[in-house]
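Worksheet: one structure, shown below.
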Amino acid sequence: NAGVTQTPKFQVLKTGQSMTLQCAQDMNHNSMYWYRQDPGMGLRLIYYSASEGTTDKGEVPNGYNVSRLNKREFSLRLESAAPSQTSVYFCASSEVAEYEQYFGPGTRLTVT
Amino acid sequence: KQEVTQIPAALSVPEGENLVLNCSFTDSAIYNLQWFRQDPGKGLTSLLLIQSSQREQTSGRLNASLDKSSGRSTLYIAASQPGDSATYLCAVMTDNYGQNFVFGPGTRLSVLP
């Protein structure tokens, strides 16, 4: 039981490049989330998926897109990376939205 | 808009002390409150979840309380150990769809041997 896994662990992009961050959970959870963590700003919700087939914007969705591929997987895509997107990205899941959230180990992204 | 603050920002205590971490939120209409710990360079580990109808939750040496009316939660750590050194974050959910899951900035705890 791996919990929540994220790939890659580290990534360096040049401005304008695109990439997809992958997240998978093996706990049969319905809800999944993407956060970013920045010094001085704390953790902020980018997008969430309350259940398979649904996605909604969080606090800071601009510049990102998401796909809930199936119940296990929730990916985050940066279409044209900008230096302001340099951050640590965390994926999380919960059985349902009001239950406790379980986090992945994070992806450290640097955009130069 | 919901805002979450945590005091103190950093705390250093000798091993064995009991300690209290504080979390305050501005909108008392919360669905639940969750405490996490984060080790340097790692993800978040859930410690305790308190639903809005509950007053406290306990897990081992940890006890979390919730006073919705005053917008406060405390995390009590008994008999602290060096392994408790980490950043502790609280987060509140203000509806049941996860949209307004708002985190505090965290308290960085150091427990000295």
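These values consider heavy atoms only, across backbone and side chains, with no hydrogens, waters or symmetry-generated copies. None of the values given here were measured: they were computed from a predicted structure.
For a residue to count as touching a neighbouring chain, one of its non-hydrogen atoms must lie under 4.5 Å from one of that chain's; by this rule B:Leu48 does not touch chain A. A:Gln6 does not touch chain B: none of its heavy atoms, backbone or side chain, sits under 4.5 Å away. For A:Arg44, no part sits under 4.5 Å from any heavy atom of chain B, backbone or side chain. Using a 4.5 Å cut-off between heavy atoms, B:Gln6 does not touch chain A at all.
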| Taking it one step at a time, do A:Phe103 and B:Phe36 satisfy side-chain contact (heavy atoms from CB on, under 4.5 Å)? | CA-CA 10 Å; A:Phe103 279 72; B:Phe36 296 87; 3.5 Å; yes
| task | Apply side-chain contact (heavy atoms from CB on, under 4.5 Å) to the pair B:Val102 and A:Leu45, showing each step before the final yes or no. | result | CA-CA 8 Å; B:Val102 180; A:Leu45 183 64; over 6 Å; no
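Surrounding OH of A:Tyr64 are more than 12 heavy atoms belonging to other residues, nucleotides or ligands, all under 6.0 Å away. Summarising the local packing, CD1 of B:Ile7 is surrounded by 12 or fewer heavy atoms from other residues, nucleotides or ligands at distances under 6.0 Å. Other residues, nucleotides and ligands contribute over 12 non-hydrogen atoms within 6.0 Å of the CZ atom of A:Arg72.
Hydrophobic clustering (side-chain heavy atoms under 4.5 Å, transitive across Ile, Leu, Val, Met, Phe, Trp, Tyr) keeps B:Ile50 apart from A:Tyr99. Note: the hydrophobic cluster containing A:Ile46 also contains A:Leu21 (ILVMFWY, side chain heavy atoms under 4.5 Å, direct or indirect links). Cluster annotation: A:Val88 and A:Val66 are assigned to distinct hydrophobic clusters (Ile/Leu/Val/Met/Phe/Trp/Tyr, side-chain heavy-atom contacts under 4.5 Å, transitive). Hydrophobic clustering (ILVMFWY, side-chain heavy atoms < 4.5 Å, transitive): A:Leu43 and A:Tyr48 are in one cluster. Residues B:Leu62 and B:Trp35 fall within the same hydrophobic cluster, defined by Ile, Leu, Val, Met, Phe, Trp and Tyr side chains chained together at heavy-atom separations under 4.5 Å.
Of all the heavy atoms in A:Gln101 and B:Ser46, the pair that sits closest is O-CB, 3.8 Å. Pairing each heavy atom of A:Phe90 with each of B:Lys42, the nearest pair is CZ-O, 3.7 Å.
If you tally non-hydrogen atom pairs under 4.5 Å between each of A:Gly42, A:Gly106, A:Ser51, A:Pro105 and chain B, the highest count goes to A:Pro105.
Distance check, rounded to the nearest 0.5 Å: CD of A:Gln37 to CG of B:Leu44 gives 6.5 Å. Distance check: B:Gln34 CD to A:Ser94 OG gives 8.5 Å after rounding to the nearest 0.5 Å.
Under the 6.0 Å cut-off for aromatic ring centres, B:Phe103 and A:Tyr35 qualify, their centroids lying closer than that.
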